[in-house]
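Accompanying notes for the structure given below.
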Amino acid sequence: MNPLPIQSVLPELKEALLHHQCAVLVAEPGAGKTTQVPLALLDEPWLQGRKIVMLEPRRLAARSAARYMAQQRGEQVGETIGYRVKNDTRVGPKTRIEVITEGILTRMLQSDPALEGIGAVIFDEFHERSLHADVGLAFSKQSQSLLREDLRLLIMSATIEAEEVAAMLDDAPVLRSEGRSYPVETRYLEKQLEGRVETAVAKSIQHALQAHEGSMLVFLPGAAEIHRVESLLAPLQISQDVIVAPLYGNLSQEAQDLALTPCRHGQRKIVLATSIAETSLTVEGVTVVIDSGLMRVSRFSPRTGMTRLTTVPVSQASADQRRGRAGRLGPGVCYRLWTEQEHRHKPQAGTPEIREADLAPLALELAAWGVPDPAELVWLDPPPAPAYRQARELLVQLGALHESGGLTPHGKRLAELGLHPRLAHMVLQAVPLELGAMACELAVLLSERDILRAAKDRDADVRTRIEALWRADRAEQRGEIDFGLCRRIAAEAKVLQQSLGIRPSGKETAAASGLLLASAYPDRIAQRRSTGRFLLSSGRGAVLPELQLLSNEPYLVAVELDDVGSESRIYLAAPIAEDELLDAYQDQLIREQEVAWDAQTQSVKARERIRLGAIVIKEVPISSPDPDRRVAAFVQGLAQDSLDSLPWTRNARSLQQRVNFLHHVDKDWPDMSEVVLQDTLADWLAPHLYEVKNRNDLQRLPLTSILEEMLTWEQRRQLEEWAPTHIQVPSGSRIPVDYSEPVSPTLAVRLQEMFGLADTPRIAKGRVPLTIHLLSPASRPVQVTRDLASFWRNTYFEVKKDLKGRYPKHYWPDDPMTAVPTNRAKPRV
DNA sequence: GGCACATG
């Protein structure tokens, strides 16, 4: 066998690591870096006999890399070369190279930040930029700079902006190696694709079948598109020698094997795959790749705390990776269903997981690492602040973090379980309920992909799954349940139970699912509004897409749902009973009184509500609400009407008007205008409403004295003097002053009663002259004046002439100053 | 007619 291309850079690589703490190795697929590099570094002096740890993104890759290397040394796995993946470790006392999955490194660092006994950490396939790899690198980097200056970090990747990584690693040297694959001819579309991608894919497949030999790998975004293309191909009766095989994650082992294994001589295969075939699985014998250019990715929304799947265009790096699948045996061809122009506008690389993921696990990991603020670490892409904030809030809600950000003892235990913090919390909460064993099963069940697949009437009920898991050995539902997956889930749940020392209690029933899940998803409780339609505690609407048993449950815990559109779709949920809900959420229930004015009954109505977020669980009328709130509601009701509904007496109106007049003169006096009184009901009227139950009671209020309370004691004393209700005129009559116009109070008086009064009477301590309406003996208006002296001197004589004609019997003296004032026709003698 | 891929 020819030497692998990687061999040529190995001396350089050794040299680089001799002098630097970090290095970046860029090598195309097929260069052999995964198996050659760890072996080549084993005897380097800086290693001082310590171990090399190499990270792989997948368990399968970790095991096979270890197996391949062991084989090269003529050993068994577990001797010099070992591997470590979750619940499966093959490491012996002599092991010097451990191939591990990425999450394992985080666990190793958390239990020993100094990584004692380890001389180098190699990050393989780093271009995939998984969350675990990013976290592992950030932690390792900090460990290196604080505790382990001698630790070597090597980043290996296919296509990557190597300079960026190198810069992050203190300008680490970058080495490059060519790949070893055959040339693949790339064919773009002439013009931009129109219509459905499935149609174009099907056409392309037909064309390629005619034009090329060998098997074909077709990349589509998801199972739906795969099945649509499959049915487009079906009527074409392609050939008995052409096998069409779908390939995606939620497919049985047998179906996947059909797609993966090379076909018999003379047969050809068309594999319709998701991005699973881009990295995780290798399809044998492919010479033609057809790429739809789309992939489905999940995106986390910090706003709603939910994850949604969206279909996005692939990056250039992904497209190249897909194309490379056609060049493993010999020269190949790749059809890209987009134009060359479009290709130039595609992003170079996909979005790193850390930028679009649920960061709750990361936030817990960081808190356990003792660095709740991610800014203290070095990142290629720092965790986005909104998602990180949402994650921290969730962890506080789960009791894993203090408000201040530190890890609680509960959080410490959650971090050790190897589950999403939500599910870890559920497991620990379930233990005192004697449902810990079932919670372990549920937690693992929900961490894996759905065990129910392809069933036509696939429901959204968690209970269906847990029951299927419990009777997975019975074959009655073969074809609908993934038994292989069930076995793995059961085994993993058992490991989890054993690590916690939990045994089944006999209390396990599928009906307990809702209660258990409620502790994991406190923010996803849904209340039925109508059949199949729900209201989430967050205030969002949610729907069950199809009519099913769950559609009429009063309450659901929505485990999986998206946040697309105005209403979320619920993909997985469990019912929960109201009493369970009230019990499980004791500390989050909001008990509140709603006290409000009821326009219909013209009275205050009070209700007590028990709320969980936006969901009102119970609402009962209460007869004696908080007095302050009752009065406030009453005031609000009154404020909607005019003040006329108050029991205004003549006295009260008079007081209001007199004070308004004085306010006009001197702002020390309160403003009692309608507008101001209406706006300030809460200040002046509210204190008197405590005994008032309804509108009728209102009529008994002593409005005059209530208004008087707005005056100071001094003002009350001054009121009569400054704004007298009556003025005594020369005739001896007490004439009321009209204050209805605060600018000009008026006195309406018969002219004859004013004889002898030289000047206009003044009020407000002499500051304001009254406006005098002088009247005829029959009380008809004769003259208006604010200057009585001038009137007597001038106008009186004209007026007198006229009055004398109309009222000849009356007394009309020539000198009004010396005349006797009278309220009769003539003064008594 | 349907929810991608991983992992402690």
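Chain identifiers are assigned alphabetically (A, B, ...) following the order of the sequence lines, protein sequences preceding nucleic acid strands; residue numbering begins at 1 within each chain.
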For [X], side-chain contact (heavy atoms from CB on, under 4.5 Å) partners two or more places apart:
X: A:Asp257; result: A:Gln253
X: A:Leu549; result: A:Arg463
X: A:Ala443; result: A:Leu419, A:Leu423, A:Met426, A:Val427
X: A:Pro383; result: A:Ile354, A:Leu359, A:Leu362, A:Pro374, A:Trp379, A:Tyr388

**Study point:** Distance-only donor-acceptor test, A:Glu278 side-chain atoms vs B:dC5 base atoms, 3.5 Å
**Key:**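 Answer is no: no donor-acceptor pair is held.
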Check your understanding: Can you pull the side-chain hydrogen bond (donor to acceptor under 3.5 Å, both in side chains) pairs that have at least one residue in residues 436-449 of chain A, sequence neighbours excluded?
Key ->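 Passing the test, one end in residues 436-449 of chain A: A:Glu441-A:Trp470.
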Nearest-nucleotide pick for [X], side chain only, options being [options]:
X: A:Tyr248; options: B:dC5, B:dG8, B:dC3; answer: B:dC5
X: A:Arg228; options: B:dC5, B:dG2, B:dG8; answer: B:dG2
X: A:Thr101; options: B:dG8, B:dA4, B:dA6; answer: B:dG8
X: A:Lys86; options: B:dG8, B:dA4, B:dC5; answer: B:dG8

Check your understanding: Does A:Gly103 or A:Arg569 map to a spot on DNA chain B nearer the 5' end, using the closest nucleotide for each?
Key ->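 Nearer the 5' end of the strand: A:Arg569.
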Review point. Taking the nucleotide of DNA chain B with the closest heavy atom to each, which residue, A:Glu225 or A:Arg58, is nearer the 5' end?
Key: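 Its nearest nucleotide lies further toward 5', so the answer is A:Glu225.
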Please work out if [X] contacts a base, only the sugar-phosphate, or nothing of the nucleic acid, heavy-atom cut-off 4.0 Å.
X: A:Arg308; answer: nothing
X: A:Ile104; answer: sugar-phosphate
X: A:Thr310; answer: nothing
X: A:Glu560; answer: base
X: A:Glu353; answer: nothing

Point to revise | Side-chain H-bond candidate by donor/acceptor type, A:Thr279 with A:Gln321, under 3.5 Å | key: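 Judged by distance alone, the side chains do not pair up.
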Does [N] have OP1 or OP2 sitting under 4.0 Å from an N or O in the side chain of [X]?
X: A:Arg107; N: B:dG8; result: no
X: A:Thr274; N: B:dC5; result: yes
X: A:Arg449; N: B:dA6; result: yes

Quick one: [X] [atom1] to [N] [atom2], roughly how many Å, whole number?
X: A:Ile570; N: B:dC3; atom1: CD1; atom2: P; value: 14 Å
X: A:Glu230; N: B:dG1; atom1: CD; atom2: P; value: 16 Å
X: A:Asp88; N: B:dG8; atom1: CG; atom2: P; value: 10 Å
X: A:Asp459; N: B:dG2; atom1: CG; atom2: C1'; value: 14 Å
X: A:Ile276; N: B:dC3; atom1: CD1; atom2: P; value: 17 Å
X: A:Leu232; N: B:dG1; atom1: CG; atom2: P; value: 14 Å
X: A:Glu56; N: B:dT7; atom1: CD; atom2: P; value: 11 Å
X: A:Asp124; N: B:dA6; atom1: CG; atom2: P; value: 17 Å

Review point. In residues 407-422 of chain A, which ones come under 4.0 Å of DNA chain B, going by heavy atoms?
Key: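 Within residues 407-422 of chain A, the residues near DNA chain B are A:Gly418, A:Leu419, A:His420.
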Check your understanding: Are the side chain of A:Ser568 and the backbone N or O of A:Asp562 linked by a donor-acceptor pair below 3.5 Å?
Key ->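 Confirmed, A:Ser568 side chain pairs with A:Asp562 backbone.
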Point to revise | Least distance between heavy atoms, A:Ala367 atom then A:Leu401 atom | key: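 Where A:Ala367 meets A:Leu401 most closely, the heavy atoms are CB-CD2, 3.5 Å.
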